[in-house]
Every structure is written in structure tokens, then in C-alpha cells.
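Working notes, structure below.
Every chain is numbered from 1, with letters handed out A, B, ... down the list of sequences.
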2 protein chains.
Amino acid sequence: MEIQESRLEQQLDFILEVDRLKSVLRETLLTDSSRKENSAEHSWQLAVMVIVFSEYADDEIDLKRVLKMVVIHDLVEIDAGDTYAYNHEAQEEKEEREREAAESIFGLLPSDQAQEFRTLWEEFESRETSEAMFAKAIDRLQPLIHNYHTGGESWKDHDVRLDDVLDRNEIIQDGSERLWAYTEQLIEAAVERGMLKTDANPVSNDD
Amino acid sequence: MEIQESRLEQQLDFILEVDRLKSVLRETLLTDSSRKENSAEHSWQLAVMVIVFSEYADDEIDLKRVLKMVVIHDLVEIDAGDTYAYNHEAQEEKEEREREAAESIFGLLPSDQAQEFRTLWEEFESRETSEAMFAKAIDRLQPLIHNYHTGGESWKDHDVRLDDVLDRNEIIQDGSERLWAYTEQLIEAAVERGMLKTDANPVSNDD
């Protein structure tokens with residue numbers, strides 16, 4: 001009984017700590033442009049998308065594992081913060097920061113669960129299994145959809161170019177050919193509507 | 001191909017619409033008391049809790065179904081709004097409002113998925129299966145934990161009494177005896193610390 005008590009206490013400490021993810025802001029706006037979204041509600045939306053879009057996964061996937069992955073994938077941001085997708089310098093040191101953050105947040109859990117969460121997070125980051133490739137595809141697609149439906153504001157604010165967006169998001173095709181085909185259409189439309197600049201036609205020459 | 005296109009369009013419309021859940025505010029505060037939480041991030045936290053606490057479910061549960069349930073359980077609030085747990089009048093008409101809201105939000109999906117989501121939501125609300133009883137237990141436990149760790153502010157603001165809290169939350173024991181035992185301790189501590197008034201000792205007589 002004593003051991004079980006302490007196990008529950010550890011789990012409760014973890015649940016209280018994860019609440020901080022609701023205060024980690026991303027560069028992505030809500031679709032009504034009212035504010036930036038936070039990483040907790042982003043993770044929730046990924047879970048909804050995983051359920052709705054699972055039929056487009058190229059491989060058979062274990063949906064339970066994909067759901068677990070997207071639910072916990074950003075917990076490292078509680079200590080490491082959100083790293084903007086197109087900030088290349090910050091991306092380079094992101095890995096080290098997040099690895100330390102993973103020790104810290106998952107370490108609150110009883111050791112068997114700490115191990116499970118850590119393994120799930122590493123699986124997601126490594127993008128080698130069918131589940132991880134699909135989860136990552138959804139994680140990339142969600143902000144694209146939001147950026148497109150908010151007039152590309154976050155791309156414009158950070159001077160993000162077509163090549164950056166293609167580079168970053170082409171891994172969607174590893175998880176789902178169907179969703180990648182849609183993504184390509186979305187990116188094309190974003191360029192046509194002036195949300196995304198192409199390097200071949202820099203804005204400085206036109207102004 | 002044409003039919004599939006239209007299916008994906010319907011699914012994307014749904015994904016855009018669910019974003020509005022991030023703007024539905026609950027009475028529960030974040031644990032740092034900085035603001036009220038919204039129903040999207042609340043749903044995310046339930047998913048984390050389901051993963052961490054599944055070992056305390058009294059029955060064998062299909063974890064994938066529980067995760068789906070907590071992820072979608074509040075989508076009806078996009079149209080119906082959040083109904084405060086201890087507002088008894090609003091609770092009475094809640095059912096009708098939410099039923100209409102379910103038609104509206106799930107109706108955006110292709111009919112097979114609309115049916116799946118509707119069935120999952122009804123299963124959650126009916127609290128008859130082991131999965132629904134556990135999901136509901138977690139949905140009740142989460143705000144209790146937040147209320148306790150924010151000094152009971154939301155209880156005090158709405159003059160919520162011990163009996164109300166016991167009435168509303170005793171269903172936790174249908175999903176998990178272990179989590180109910182913990183809940184009873186939490187409520188007892190909340191009374192001892194003056195966060196929750198008992199009717200036997202109304203504050204008006206003391207003032």
C-alpha cells in the first residue's frame with residue numbers, strides 16, 4: 001500500500017506539471033486569427049486529426065500508439081520551449097535541449113511509465129516506424145492548414161519561403177501519399193495567393 | 001477519385017471547425033491560476049491522464065476507445081458552450097442543447113465517421129460501458145485536482161458546497177475505486193483547508 005501510494009503521488013505530480021504545456025505558445029494562430037495557439041491544444045487537435053485521417057496512412061498503423069505519441073510529443077517543450085519550425089539556428093540546438101527536457105519531465109513518472117513515455121517520444125522523433133511517420137505527417141500538416149487559413153500571417157512574419165516549406169514538410173509523404181498530395185495543392189495555392197514567396201521572385205526586386 | 005476528394009474536403013471542414021473548441025472557456029483555472037482553461041486543452045489533459053492512470057481502471061478497458069472518447073467528448077460545446085458543473089438550472093437543459101450541437105458538429109464529417117463520433121459521444125454520456133465509466137471518472141477528477149491546487153477559487157466563486165461536490169463526483173467510483181479513494185482524501189483536505197463549505201456550518205452564521 002505504501003509503495004502504491006507513492007506511485008500515485010508521482011503520477012499526480014506529473015499530471016500537475018504537464019499543465020504547463022498550456023502556457024507554451026506556438027507561432028501558429030488559431031484559425032480565427034484571435035491568438036497564437038498553445039502546444040497543449042495543438043496536441044489535442046493532432047489527436048482529432050489522427051482519428052479522422054487514419055484511413056490515409058500508407059501502412060497499417062496501431063492507432064492507440066499514434067494517439068499516445070501525439071498526445072505526449074510536445075511535453076519536452078515544458079522545459080525546452082517551442083522551437084519555431086523555420087528558425088534554423090534554434091533547430092540545431094533543439095535536440096540537445098529537448099533531450100534534457102525529456103529526462104526532466106518523464107522522470108517525474110514511476111520508472112516503468114517514464115521509460116514508456118521516453119520510448120514513445122523517441123519513436124516519434126526518429127520517424128522510423130509506420131506509426132511515427134504518420135504521427136509526424138499530421139504534426140506537420142496541422143500548422144500548414146492553420147497558416148493557409150489565416151492568410152499565411154506566420155509565414156510572412158518570419159519571411160518563410162516556398163523552399164523552406166517544401167523542405168520541412170515533404171516528410172508528410174512518408175506517412176501518407178494522399179495527405180501529401182493535398183499538402184502540395186495547399187502549398188501551391190498559398191504561393192498563388194501571395195502567402196508564400198518563392199526565392200526565384202524575391203519581393204525586394206518588385207518593390 | 002471525385003468521391004474521395006469530397007470526402008477529404010468534408011474531413012478538412014470538420015478539422016477547421018473543431019479549432020473553435022480552443023475558444024470555449026471552462027470555469028476551471030490552470031494550476032498556476034493564470035487564466036481559465038479551455039475545453040480543447042482540458043481534453044488533451046484528460047488524454048494524458050487516461051494514459052497515466054489506465055492501470056487504476058476497475059475493469060479491463062480498450063484504451064484506444066477511451067482515448068478517442070476523451071478527445072471528442074467536448075466537441076458539442078462548440079455550439080452548446082461549456083455548462084458549469086454546479087449550475088443546476090443550466091444542467092437541466094444541457095442535454096437538449098448538446099444533442100442538437102452533436103448533429104451539427106459531427107454532421108460535418110462523412111456519414112460513416114459522423115456515426116462513429118456520435119456513437120462514441122453517446123457511449124461517453126451514457127456511462128454504461130467500462131470505457132465510458134473510466135473516461136467519465138477522469139473527466140470529473142481533472143477539475144477537482146485543478147480546483148484543489150488553485151485554492152478552490154472556482155468553488156468559492158460559485159458558492160459550491162461539499163454536498164454538491166460529492167453528488168457530482170461520486171461516479172468516479174464506477175470507473176476506479178482507487179481514484180475514488182484518492183478523490184475522497186482530496187475533498188476532505190479541501191474542506192479542512194476552507195476551500196469547500198459544508199452545509200452544516202454555513203458561513204452566514206459565522207460572519
Glu55(A)/Gln11(B) under side-chain contact (heavy atoms from CB on, under 4.5 Å): CA gap, chis, key distance, verdict: CA-CA 11 Å; Glu55(A) 66 194 70; Gln11(B) 292 163 327; 3.2 Å; yes
For the backbone of Thr31(A) and the side chain of Asp19(B), can you confirm whether one donor and one acceptor N or O come within less than 3.5 Å of each other? yes
Using atom types as modelled and distance alone, determine if a side-chain donor or acceptor of Gln45(A) lies under 3.5 Å from a backbone N or O of Ile15(B).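 Checked: pair present.
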Leu30(A) side chain near Arg20(B) side chain, heavy-atom distance below 4.5 Å: no
So do the side chains of Leu12(B) and Phe53(A) get within less than 4.5 Å of each other, counting heavy atoms only?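 Touching, per the 4.5 Å side-chain cut-off.
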Proximal component of Leu46(A), with respect to chain B [non-hydrogen, under 4.5 Å]: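 Neither part; nothing is under 4.5 Å.
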[atom1] of [X] to [atom2] of [Y]: how many Å apart, nearest 0.5 Å?
| X | Y | atom1 | atom2 | value |
| --- | --- | --- | --- | --- |
| Glu41(A) | Leu21(B) | CD | CG | 9.5 Å |
| Met49(A) | Phe14(B) | CE | CZ | 11.5 Å |
| Asn38(B) | Lys22(A) | CG | NZ | 8.0 Å |
| Ile51(B) | Glu116(A) | CD1 | CD | 7.5 Å |

Can you establish whether the number of heavy atoms outside Arg35(A) located under 6.0 Å from its atom CZ is more than 12? yes
Just wondering, more than 12 heavy atoms not from Glu95(A) lying within 6.0 Å of its CD? no
Hey, mind stepping through Asp62(A) and Lys64(B) against side-chain contact (heavy atoms from CB on, under 4.5 Å) and telling me if it holds? CA-CA 9 Å; Asp62(A) 174 347; Lys64(B) 180 173 76 178; 5.7 Å; no
Quick one: closest heavy-atom pair of Trp44(A) and Val71(B), and the distance?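 Minimum heavy-atom contact is NE1-O, 2.8 Å.
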Looking at Asp32(B), Val48(B), Leu179(B), which has the largest count of heavy-atom pairs under 4.5 Å with chain A? Val48(B)
Go through the steps for Leu16(B) and His146(A) under the test side-chain contact (heavy atoms from CB on, under 4.5 Å), then give the verdict. CA-CA 8 Å; Leu16(B) 286 170; His146(A) 278 241; 5.6 Å; no
